[in-house]
Amino acid sequence: MRFIDLVATHAAATPAAAAQRTSDGEEITYGELWERSGAIARHLASEVPASCARTAPVIVYGHKSPLMITGFLACMRAGRPYVPIDCHSVPADRAAGIAAQLPRPTVLATEDFPAAAAATSGTVLSREVLRTLIEAGGSVSANRAIAGEDTCYILFTSGSTGAPKGVEVTAACLDNFLAWDLTLGGIDKTGLVYLDQAPFSFDLSVFEIAGALASGGTLASLTHGTQQSMAGQLAALAASDIDVWVSTPSYADLMLSAPEFSSSLLTGVKLFLFCGETLANTTARRLHERFPGARILNTYGPTESTVAVTEIEITPEMAAAPAPLPVGRPRPGTRLRIVDGDGTALAAGAPGEIVIEGDTVARGYFGRSDLTAHSFSRVTWEDGTTVRAYRTGDEGYLDDEGLLHYHGRLDLQVKLNGFRIELGEIEEQLRRLPGIDAAALTAPMRDGRVNHLVAHIVFNGERLAGESDFRLGLRLKEELKASLPHYMIPKKIVFLDALPMTGNGKVDRRALAETRG
Ligand code: AMP
């Protein structure tokens with residue numbers, strides 16, 4: 001069944017049930033969600049004829065408020081793709097860059113929309129205008145809703161050439177993902193409370209939104225303000241009644257650093273769902289100790305194949321063993337292939353690039369046919385089904401039992417605290433700053449994960465009077481914050497006379513990694 005139809009069913013059957021509760025005390029019921037999204041959808045539908053709706057994306061800007069998810073549903077119901085932009089993770093210049101890649105997008109501004117981004121957008125509907133539309137009421141015909149190959153959302157992720165790239169996920173991708181998602185953990189998912197912690201700009205949040213709203217459950221949203229203090233988070237979690245925990249392993253590690261984080265605080269949690277980065281044995285082990293009644297699932301997948309495509313339950317025995325944890329078996333509808341540099345399929349046990357084929361692979365990168373052609377293709381299976389395939393850039397192998405094991409990346413993409421980062425994007429933004437002639441990033445690891453980012457730069461520009469390397473580094477970091485999210489700002493800046501080069505004229509990243517930092 002379609003996601004949007006499932007939400008409609010819950011709105012009709014249990015209109016007073018809570019669809020979302022935030023740690024700031026905001027709440028919206030299914031009835032309100034349906035009514036309000038219908039009113040906004042009516043306006044969005046009036047802007048473009050149905051035949052053009054699927055190519056007229058709408059930016060939904062803001063944070064964790066109920067108006068954000070109302071905006072997402074409104075777009076789906078009006079047949080228009082939505083582009084979620086989290087106001088705390090995406091600085092103004094980056095929002096402007098995203099808007100500039102879209103055809104004069106309408107903006108549902110649930111928070112103040114930066115002027116720089118408004119300049120590259122179409123109509124900006126402020127909170128007040130959205131409230132007026134809601135008061136006016138109305139709805140749209142169910143025929144307008146997205147379906148099948150219509151684009152559901154476009155999620156912008158870090159891009160190696162300096163600008164973020166928009167992954168175009170279809171309605172069918174979401175529905176196919178959902179059919180599997182609702183089976184995960186082997187528990188009845190009806191009406192459960194889901195942790196909603198990941199910013200809506202990241203596809204991990206789709207795990208939360210789709211899972212909760214498709215099953216008549218509730219999103220327990222931790223806002224940016226709440227996430228600024230451990231005490232605030234623990235208090236919000238204690239009050240949340242969470243059944244399903246969804247996060248990156250990094251976020252679980254952060255919470256595990258508080259001794260109170262246990263089944264005495266979260267009494268109802270049944271399932272931990274992890275995705276997005278390596279789940280360490282120690283993390284799983286500590287969770288088993290603190291939450292003996294809960295199951296732990298490791299899942300794997302990039303935004304380009306809709307949240308996750310493999311899963312495996314991590315038992316206490318697996319967590320205690322010395323072997324790194326596998327990332328799981330493919331869902332029905334997904335096939336995995338491991339290929340060498342020429343694209344030739346490799347046998348079980350041999351490491352190579354992971355290729356994902358199936359019915360949740362995205363359409364490609366919005367407006368970037370060059371990037372799409374590089375990573376996406378079509379394949380026909382022996383039963384005649386034609387599906388999309390995506391070359392992940394991830395390295396791994398399939399064992400004899402068909403379990404996928406993840407090794408790392410084949411390129412310069414890293415995960416820092418669960419955030420996906422192309423080092424090339426930071427390097428490009430550094431090179432755009434006055435005085436920087438060359439820049440290369442390294443990402444030192446600790447305990448198997450990236451610990452921080454180091455920028456190695458050649459600076460031949462003007463220094464302020466008496467400005468030390470340290471002060472100049474702080475100034476450059478400040479300047480970077482205009483275009484890059486906080487998690488992409490290098491922790492250290494190392495000044496060099498020249499970048500070391502390998503024999504074939506490339507930056508010698510190994511030599512850089514050995515320099516201080
Ligand atoms: P994102 O598009 O932000 O979800 O990031 C996708 C990337 O995160 C993948 O291509 C992998 O490199 C990494 N990733 C996702 N799931 C896992 C996992 N379970 N273990 C290790 N790395 C993962």
Looking at R127 and D112, is any side-chain nitrogen of the basic one under 4.0 Å from a carboxylate oxygen of the acidic one?
yes
If we check side chain to side chain contact (heavy atoms under 4.5 Å, CB included) with D243, which of these qualifies: I187, L192, L195, T218?
L192
With the side chain counted from C-beta on, respond yes when Y251 and Q233 share a heavy-atom pair under 4.5 Å apart, and no when they do not.
yes
Does a side-chain N-to-carboxylate-O contact under 4.0 Å join E168 and R54?
no
Quick one: does any side-chain atom of H63 pair with a main-chain N or O of H224 as donor and acceptor, under 3.5 Å?
yes
For E425 and E422, indicate whether the former's side chain and the latter's backbone hold a donor-acceptor pair under 3.5 Å.
no
Using a 3.5 Å distance criterion without hydrogens, assess whether the side chain of K189 forms a donor-acceptor pair with backbone atoms of D181.
yes
Ignoring hydrogens and geometry, is there a side-chain-to-backbone donor-acceptor pair from T120 to A96 under 3.5 Å?
yes
Between Y194 and F207, ring centroids under 6.0 Å:
no
Can a donor-acceptor pair be found, under 3.5 Å and without considering hydrogens, that links the side chain of K64 to the backbone of A198?
yes
Kindly determine whether E26 and S65 satisfy side-chain hydrogen bond (donor to acceptor under 3.5 Å, both in side chains), including the steps that lead there.
CA-CA 7 Å; E26 286 191 282; S65 74; 4.9 Å; no
Sidechain N-carboxylate O distance under 4.0 Å for E311, R331:
no
Derivation of the side-chain hydrogen bond (donor to acceptor under 3.5 Å, both in side chains) call for D188 and T190
CA-CA 6 Å; D188 177 7; T190 318; 2.6 Å; yes
Determine, for E427 against R509, whether the closest basic-nitrogen to carboxylate-oxygen distance falls under 4.0 angstrom.
yes
Would you say E479 has more than 12 foreign heavy atoms packed within less than 6.0 Å of its CD?
yes
Less than 4.0 angstrom from a charged side-chain N to a carboxylate O is my criterion; do R409 and E277 meet it?
no
With Q197 via side chain to side chain donor-acceptor pair (under 3.5 Å) - residues at least two apart
Q227
Do R449 and S250 touch side chain to side chain, with heavy atoms closer than 4.5 Å?
yes
Would you call E27 and R21 a salt bridge, using N to O less than 4.0 angstrom?
yes
Using only atom types and a distance under 3.5 Å, with no angle test, would you say the side chain of T385 pairs donor to acceptor with the backbone of W381?
no
Output yes when a side-chain donor or acceptor of T360 lies under 3.5 Å from a complementary backbone atom of T306, and no otherwise.
no
Decide side-chain hydrogen bond (donor to acceptor under 3.5 Å, both in side chains) for R144 and S141; before the verdict, give the C-alpha distance in whole Å, the side-chain angles of both, and the deciding distance to 0.1 Å.
CA-CA 6 Å; R144 279 287 299 221; S141 147; over 6 Å; no
If the condition is side-chain contact (heavy atoms from CB on, under 4.5 Å), which residues does I338 pass it with, not counting sequence neighbours?
L346, I354, L398, L404
Using only heavy-atom distances, determine whether the side chains of S221 and D196 contain a donor-acceptor pair under 3.5 Å.
yes
Can you confirm whether V244 sits close enough to V193 that some side-chain heavy atom of one is under 4.5 Å from a side-chain heavy atom of the other?
no
Under a 4.0 Å threshold between the charged nitrogen and the carboxylate oxygen, would R104 count as salt-bridged to E47?
no
Does atom NE2 of H407 have more than 12 heavy-atom neighbours, drawn from other residues, nucleotides or ligands, at distances under 6.0 Å?
yes
